[in-house]
Protein chains: 2
Amino acid sequence: MKESPFLRRAIKPQRPAKNPLGRDEIVRAALRIVKTEGIDGVSMRRIAAEFETGPSSLYAHVTSKDELLQLMFDEVCGMVEIPPLDPPRWKEQILEIARASHRILLDHYDLARAALAIVPTGPNALRASDAMIGMMLAGGVPAQHAAWAMDRIFLYVTADAYEMSIWRGTATEEEAFPAELERDLRAYFEQVPVDLYPNIRAHAQELVSGDAEARFEFGLALLVDGLGKYVTK
Amino acid sequence: MKESPFLRRAIKPQRPAKNPLGRDEIVRAALRIVKTEGIDGVSMRRIAAEFETGPSSLYAHVTSKDELLQLMFDEVCGMVEIPPLDPPRWKEQILEIARASHRILLDHYDLARAALAIVPTGPNALRASDAMIGMMLAGGVPAQHAAWAMDRIFLYVTADAYEMSIWRGTATEEEAFPAELERDLRAYFEQVPVDLYPNIRAHAQELVSGDAEARFEFGLALLVDGLGKYVTK
DNA sequence: TTCTACTGGCGAACACCGTTCGCGTCAAGT
DNA sequence: ACTTGACGCGAACGGTGTTCGCCAGTAGAA
């Protein structure tokens, strides 16, 4: 018995109209999901659903979820703007790249968590690394220190972005983020036994004060300013 | 029909002899597992198996896996040795606490990954935080900067420990860890297009040189030395 | 002593996850 | 027109955290 023409009509038309999927489409869909639902929302099933298919279809274009995460991370690295080299402003330029990376990671929610587990060897990650090393060299930092400092700064940027995404995640329910958490945490620090934790008790205010950006900048400044002492020019 | 006395004999004796489980026993078992199998090996089923029971039994003593991870982290925080305050050596003492925390995190494999997602408010974590702030205050660092710096340093320590555990993890197969990965990575950097990534190409050697500890110390020194400029005494 | 009431351990199930296998369909080559 | 090849993808496997409800065992009341 031949297939019903009606059934074919119902099925066939959506085949050619179906979203064509390839590596890039998958990566883009995954980035769309991570932005709104976080890295835990990025599952093979969830991505596949975006193309109205099953998870196994993705494995034709991506060998594993791990590879997909690397592709996502490198795609995001491609979004950091890299200023043209300006040697006198080398320190400021390093801060600019660090801030841009930080901002773009935060703009993708949780993604920093995955980034921490990735050895950044993709083309766009290399581009950012190369640029930062170039700035340090232009500033007179010896190559060995430049290489290490670049590594440390990106580690710091990623770790801070991850930590910030967690805080933001816990406050996802109906409250302005900084206010409530800061209040709760200070209340906790102020109530801690003074004989065991004198400094925390005495400085509860300082411990919770300052918004996330100020803390990020404080640590970043320590790292970048410290580079000055290695300059040999 | 009554239950067979034989069956009861076979079952009953192991009931009182069964490992009695409580919060502490569960946390200890989980730490035992994370040491050898990593954080992904720590599942409720795996822990329960340690007590020859099912996962649901654990929920009588622990409200969620998240709480368990917090308990594990704080237990580990209790292992860092805290030297008695010695104001003239304040910088060196900060390095000591940072190194001790780093070492103990690494000694527990992957655990740093979970630690990154935890707001350190447990008693032992507070103890370490309080001690480090005390050292900074003793060194003349203003309270606000001390609070922030403590936060940044522990963030750095945890992030580095996590990154190191990843590298160690990828090399788990049959190769001495540093040698093989360093060789592969340098080969990759040396083969990268010179017009796109001139600095990476030129300094491949510097990028991969230095063992993990040297890199950790380099970043830690930047953070701690940088504190000097805030000292007001 | 016997019956009842309750408490707490835990087996089974639910809804997810990443990944694999192999079937069935469709398209291109002969 | 028929064969052959490739490829999309449904279903399944073995895992995850968590919940529900049963049932054994004990303690207390009659």
Side-chain angles (χ1 to χ4, degrees), chain A residues 1-5 7-23 25-27 29-30 33-34 37-72 110 113-114 117 169, chain B residues 1-5 7-23 25-27 29-30 33-34 37-72 110 113-114 117 169:
Chain A
M1 173 178 159
K2 283 220 170 184
E3 198 178 344
S4 155
L7 186 60
R8 286 193 62 127
R9 277 272 204 95
I11 294 299
K12 201 49 176 302
Q14 84 179 11
R15 271 294 179 87
K18 175 184 61 177
N19 311 334
L21 76 170
R23 268 168 102 97
E25 284 76 18
I26 291 174
V27 171
I33 295 168
V34 82
E37 306 173 31
I39 201 77
D40 285 331
V42 178
S43 73
M44 299 306 264
R45 280 170 177 79
R46 178 69 187 78
I47 300 169
E50 209 77 355
F51 300 97
E52 294 172 31
T53 180
S56 56
S57 302
L58 305 178
Y59 285 85
H61 309 92
V62 149
T63 68
S64 68
K65 190 184 181 183
D66 223 66
E67 181 184 280
L68 176 57
L69 289 175
Q70 293 192 27
L71 293 172
M72 290 170 68
D110 258 330
R113 182 170 98 204
Chain B
M1 175 179 162
K2 283 221 169 180
E3 199 179 343
S4 154
L7 186 61
R8 285 192 61 128
R9 276 271 203 96
I11 295 298
K12 200 51 176 303
Q14 84 179 10
R15 271 291 179 88
K18 173 183 65 179
N19 311 333
L21 75 171
R23 267 166 103 99
E25 284 76 18
I26 291 175
V27 171
I33 295 168
V34 82
E37 307 172 30
I39 201 75
D40 285 332
V42 178
S43 73
M44 299 306 263
R45 281 170 177 78
R46 178 69 187 78
I47 299 168
E50 209 78 356
F51 300 97
E52 296 173 29
T53 180
S56 56
S57 302
L58 304 179
Y59 285 84
H61 308 93
V62 150
T63 68
S64 68
K65 191 185 181 183
D66 224 66
E67 180 184 281
L68 176 56
L69 288 174
Q70 293 192 26
L71 293 171
M72 290 171 67
D110 258 332
R113 183 169 98 203

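In this text the structure is predicted, and so the values were computed from the model without any measurement. Letters A, B, ... are given to chains in the order of the sequence lines, protein chains preceding strands, and every chain is numbered from 1.
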query = Would you say dG8(D) has OP1 or OP2 under 4.0 Å from some side-chain N or O of Ser57(A)?
reply = no
note = When rounded to whole Å, the CG to P distance for the pair Leu68(B) and dG17(D) reads 10 Å
key: Atom-pair distance (CG on Asp66(B); P on dT18(D)), nearest Å   = 8 Å
inquiry  = For Glu50(A) versus Ala29(A), what's the shortest heavy-atom pair and its separation?
reply    = CG-CB, 4.2 Å
query = Between CE of Met72(B) and CD1 of Ile39(B), what distance do you get to the nearest 0.5 Å?
reply = 5.0 Å
task = Check Asp40(A) against Asp110(A) and note the closest heavy-atom contact, atom names and distance.
result = N-OD2, 4.5 Å
task = Whole angstrom is fine here: how far is it from CE in Met44(B) over to P in dA15(C)?
result = 20 Å
ask   = Does a distance-only test, which skips hydrogens and angles, find a donor-acceptor pair under 3.5 Å between the side chain of Arg45(A) and the base of dG18(C)?
value = yes
query = Hey, is the side chain of Thr53(B) poking within less than 4.0 Å of OP1 or OP2 on dC10(C), counting only N and O atoms?
reply = yes
Glu67(B) side chain vs Ser64(B) backbone, donor-acceptor pair below 3.5 Å = no
task = Using whole Å, report how far CD of Glu52(B) lies from C1' of dC10(C).
result = 14 Å
task = Please state how far atom CD1 in Ile47(A) lies from atom C1' in dC17(C), giving the value in whole angstrom units.
result = 12 Å
ask   = At under 4.0 Å between heavy atoms, what does Val42(A) touch on the DNA or RNA strands: base, sugar-phosphate, or nothing?
value = sugar-phosphate
Atom-pair distance (OH on Tyr59(A); P on dG18(C)), nearest Å = 7 Å
Distance, rounded to the nearest Å, where Ile26(A) contributes CD1 and dG8(D) contributes P = 10 Å
ask   = So what does Ser43(A) touch, heavy atoms closer than 4.0 Å: a base, only the sugar-phosphate, or nothing?
value = sugar-phosphate
key: Residue closer to the 5' end of DNA chain C, Thr63(A) versus Asp40(A) (nearest nucleotide)   = Asp40(A)
ask   = Do the non-hydrogen side-chain atoms of Ile47(A) and Leu68(A) ever get within less than 4.5 Å of each other?
value = yes
message = In this structure, how many angstroms lie between the P atom of dT18(D) and the CD atom of Glu67(B), rounded?
response = 11 Å
note = Against the side chain of Ala60(A), the closest entry in dC10(C), dG8(D), dG9(C) is dG8(D)
